[in-house]
Visitor: 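Handing you a structure now.
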Amino acid sequence: MGSATSELPARTPLSDSAETGLKIVVVGGFGVGKTTLVRSVSEIRPLNTEEVMTQAGVGVDDLLESTGKNTTTVAFDFGRISLNERLVLYLFGAPGQERFWFLWDRLFSGTLGAVVLVDTRRMDDSWYAIDRLEHHRTPFVVAVNRFDDDTVRHSLEEIRQALALPDHVPLIDCDARVRWSGKDVLITLVDHLHTLAMAQEKTP
């Protein structure tokens, strides 16, 4: 992606009217933008557990020279966003490197929903995330993080077919660097969770 960055937000106190807190996990392959998404939408200074990758990781870590990325999340990212006066989302960004995937099942504990970030240049990296979420029966939405150097620009329908996503799973475009775009992804997830909850209530 481009080099656009945003300043860390000033600490925003949690509203006294906040009634509902939802745990949301952001998953996807290495370098897809999970840390960037959590940072861009969080209203508090996000907790990051990124470490610089060294030569010791050659052959173990997935080094993406094309992105210039030289750090990797080794535990999880954490942030918070209030969607309205009553609804607060607690965001956990899962590590993308395969050697840290054992942490995912623990992160999924107590999770109400998830966001799967997709990089269309490395679509295969999304399969594990989708598989684990389906295994845990965790509702999710898929957000395509469009990178500046992605010249192919697959359509959402092409991406849905490539990932074999059912029609009921929301699929949207996003720019993880931009707060309103990341917030739109989270609102899409909350709307999806609400729709599923209403459907369950109507089921005899």
Visitor: Any carboxylate oxygen within less than 4.0 angstrom of a Lys/Arg side-chain nitrogen, looking at Arg146 and Asp119?
Guide: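 Asp119 and Arg146: not salt-bridged.
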Visitor: Could you verify whether a donor N or O on one side chain and an acceptor N or O on the other, from Thr35 and Asp77, lie under 3.5 Å apart?
Guide: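 Distance-only check passes for Thr35 and Asp77.
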Visitor: With respect to Leu163, which candidate in Asp124, Val144, Val118, Val116 satisfies the side chain to side chain contact (heavy atoms under 4.5 Å, CB included) definition?
Guide: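 Among Asp124, Val144, Val118, Val116, the one that satisfies the side chain to side chain contact (heavy atoms under 4.5 Å, CB included) with Leu163 is Val118.
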Visitor: Is it the case that the side chain of Ser42 and the backbone of Ile44 share a donor-acceptor pair, with hydrogens and angles ignored and the cut-off at 3.5 Å?
Guide: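 Indeed, once roles are kept as given, a pair shorter than 3.5 Å links the two residues.
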Visitor: With a distance cut-off below 6.0 Å to the six-membered ring centre and an angular limit of 45° from the axis, does Arg121 pair with Phe147 as a cation-pi contact?
Guide: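 Yes.
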Visitor: Between Val27 and Phe108, is any pair of side-chain heavy atoms under 4.5 Å apart?
Guide: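 Counting from C-beta outward, Val27 and Phe108 do come under 4.5 Å.
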Visitor: To the nearest 0.5 Å, what is the distance between CD1 (Ile159) and CZ (Arg153)?
Guide: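 These two atoms lie 9.0 Å from each other.
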Visitor: Is there a side-chain contact between Ile24 and Leu189, using heavy atoms and a 4.5 Å cut-off?
Guide: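 Result yes, sub-4.5 Å side-chain heavy-atom pair found.
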Visitor: Please list, chain by chain and in numerical order, all residues satisfying side chain to side chain donor-acceptor pair (under 3.5 Å) with Asp191, sequence neighbours excluded.
Guide: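 Not a single residue meets the side chain to side chain donor-acceptor pair (under 3.5 Å) criterion with Asp191.
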Visitor: Side chains of Val169 and Val141: does their closest heavy-atom pair fall under 4.5 Å?
Guide: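 Not in contact.
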Visitor: Give a yes or no answer on whether the side chain of Arg179 reaches the backbone of Val41 with a donor-acceptor pair at less than 3.5 Å.
Guide: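 Pair found, side chain donor or acceptor close to backbone of Val41.
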Visitor: For Cys174, does its backbone N or O pair with a side-chain atom of Ser181 as donor and acceptor, under 3.5 Å?
Guide: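 No.
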Visitor: Checking side chain to side chain contact (heavy atoms under 4.5 Å, CB included) against Lys34, which of Asn145, Leu117, Val115 comes through?
Guide: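 The side chain to side chain contact (heavy atoms under 4.5 Å, CB included) with Lys34 is passed solely by Leu117 among Asn145, Leu117, Val115.
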Visitor: Determine whether a donor-acceptor pair (N or O, by modelled atom type, separation under 3.5 Å) exists between the side chain of Arg177 and the backbone of Ser40.
Guide: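 The answer is no, because no donor-acceptor pair under 3.5 Å joins these two groups.
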Visitor: Check whether any side-chain heavy atom of Leu165 lies under 4.5 Å from a side-chain heavy atom of Ile130, and answer yes or no.
Guide: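 Sidechains of Ile130 and Leu165: in contact.
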Visitor: How would you list, by chain and number, every residue that makes a side-chain contact (heavy atoms from CB on, under 4.5 Å) with Glu158, sequence neighbours excluded?
Guide: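 For Glu158, the residues satisfying side-chain contact (heavy atoms from CB on, under 4.5 Å) (neighbours in sequence not counted) are His154, Ser155.
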Visitor: Do the ring planes of Tyr90 and Phe78 sit parallel (below 30°), tilted (30 to 60°) or perpendicular (above 60°)?
Guide: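 Parallel: the ring planes of Tyr90 and Phe78 meet at under 30°.
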Visitor: Applying ring pair (Phe, Tyr, Trp, His ring centres under 6.0 Å), can you list everything that pairs with Phe140, at least two apart in sequence or on another chain?
Guide: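 Residues passing ring pair (Phe, Tyr, Trp, His ring centres under 6.0 Å) with Phe140: none at all.
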